[in-house]
Amino acid sequence: MYCINLSPFIVNKWGKNMKVIIREYGLAVIALLTAGLLLGFGLGVIGVPTGVMDIFANNKALLAEENAGIDEEVQVYRSLSERKRPVITFQEQVAVTADVTIDWQQLFRAIDAEQNELVVEVVAVNKNKELPEEFSFACSGIYEVEVMATDEYGISVSQTFRVPVQRSLIRKGEKH
């Protein structure tokens with residue numbers, strides 16, 4: 001086994017300089033290290049987060065609190081997105097006649113996920129969105145009626161139905 005003897009090199013070239021450096025600055029370095037350790041220990045006892053792990057633990061706790069609120073919002077959103085949309089049906093047994101005022105609530109029915117009945121709103125008839133309050137079809141034929149229903153959670157559904165309209169039983173010019 002080979003052994004390198006560095007003592008002549010250190011003593012001869014650096015020996016005197018190292019002894020002077022250690023004598024002059026050695027005590028200052030030791031004092032700084034001691035002061036740093038005492039300060040770190042003191043702040044740790046008081047409860048001030050000093051280390052990276054302490055700061056990470058505090059941030060993790062704050063993130064957990066924030067995520068708890070976000071998780072609730074996500075659950076509400078998920079429950080609404082998974083909720084069944086309202087269903088609108090056309091009551092085919094109701095006879096629709098020209099020149100007779102229509103009761104849209106009898107002609108269309110809408111129910112929500114809990115089977116509660118909803119109000120049906122007529123959006124357009126044959127793509128005409130300007131509808132009077134009391135509406136009647138002018139003549140017989142097949143009409144496209146777009147209806148919409150919204151449940152209590154704001155979930156809407158819109159659907160277009162083809163409604164057959166029979167001719168009027170009252171002839172024009174006759175009094176009834």
### Task
Would you confirm whether Arg85, through its side chain, and Ser156, through its main-chain N or O, come within 3.5 Å as a donor-acceptor pair?
yes
### Task
Please indicate whether Arg167 has more than 12 foreign heavy atoms, meaning atoms of other residues, nucleotides or ligands, lying under 6.0 Å from its CZ.
no
### Query
Hey, are Glu134 and Ser136 close enough side-chain-wise for a donor-acceptor pair under 3.5 Å?
no
### Query
What are the two closest non-hydrogen atoms of Pro86 and Ala149, and how far apart are they?
CG-O, 4.3 Å
### Task
Could you tell me the separation between the CD atom of Glu146 and the CG atom of Asn126, rounded to the nearest 0.5 Å?
11.5 Å
#### Entry: Ile88 to Gln159 - nearest heavy-atom pair and separation
O-OE1, 3.6 Å
#### Entry: Separation of Glu133 CD from Thr101 OG1 (nearest 0.5 Å)
11.5 Å
### Task
State, yes or no, whether a side-chain contact exists between Val100 and Ser168 at a heavy-atom distance under 4.5 Å.
no
### Message
Contact between Asn128 and Tyr143 at the side-chain level, heavy atoms closer than 4.5 Å - yes or no?
### Response
no
### Message
Side chains of Asp151 and Leu118, heavy atoms from C-beta outward: is any pair under 4.5 Å?
### Response
yes
### Message
Is there a continuous path of hydrophobic side-chain contacts, each under 4.5 Å between heavy atoms, that joins Val145 to Val165?
### Response
yes
### Task
Identify the two heavy atoms, one from Lys84 and one from Ala113, that lie closest to each other, and give their separation to 0.1 Å.
O-CB, 4.0 Å
### Query
Is Glu144 salt-bridged to Lys127, going by a charged N under 4.0 Å from an acidic O?
no
### Evaluation steps, side-chain contact (heavy atoms from CB on, under 4.5 Å), between Leu107 and Phe90
CA-CA 6 Å; Leu107 193 57; Phe90 171 59; 3.4 Å; yes
### Query
If we only count heavy atoms from C-beta on, is the Val125 to Phe135 side-chain gap below 4.5 Å?
yes
### Message
Apply side-chain contact (heavy atoms from CB on, under 4.5 Å) to residues Trp104 and Val120 and explain how you reach the verdict.
### Response
CA-CA 7 Å; Trp104 298 115; Val120 176; 5.6 Å; no
### Heavy-atom side-chain proximity of Asp112 to Arg83 below 4.5 angstrom
yes
### Residue pair Gln91 / Gln105, side-chain heavy-atom distance below 4.5 Å
no
### Query
Does CD belonging to Gln93 count more than 12 external heavy atoms closer than 6.0 Å?
yes
### Aromatic ring pairing Phe161/Phe108, orientation class (parallel under 30°, perpendicular over 60°, tilted between)
tilted
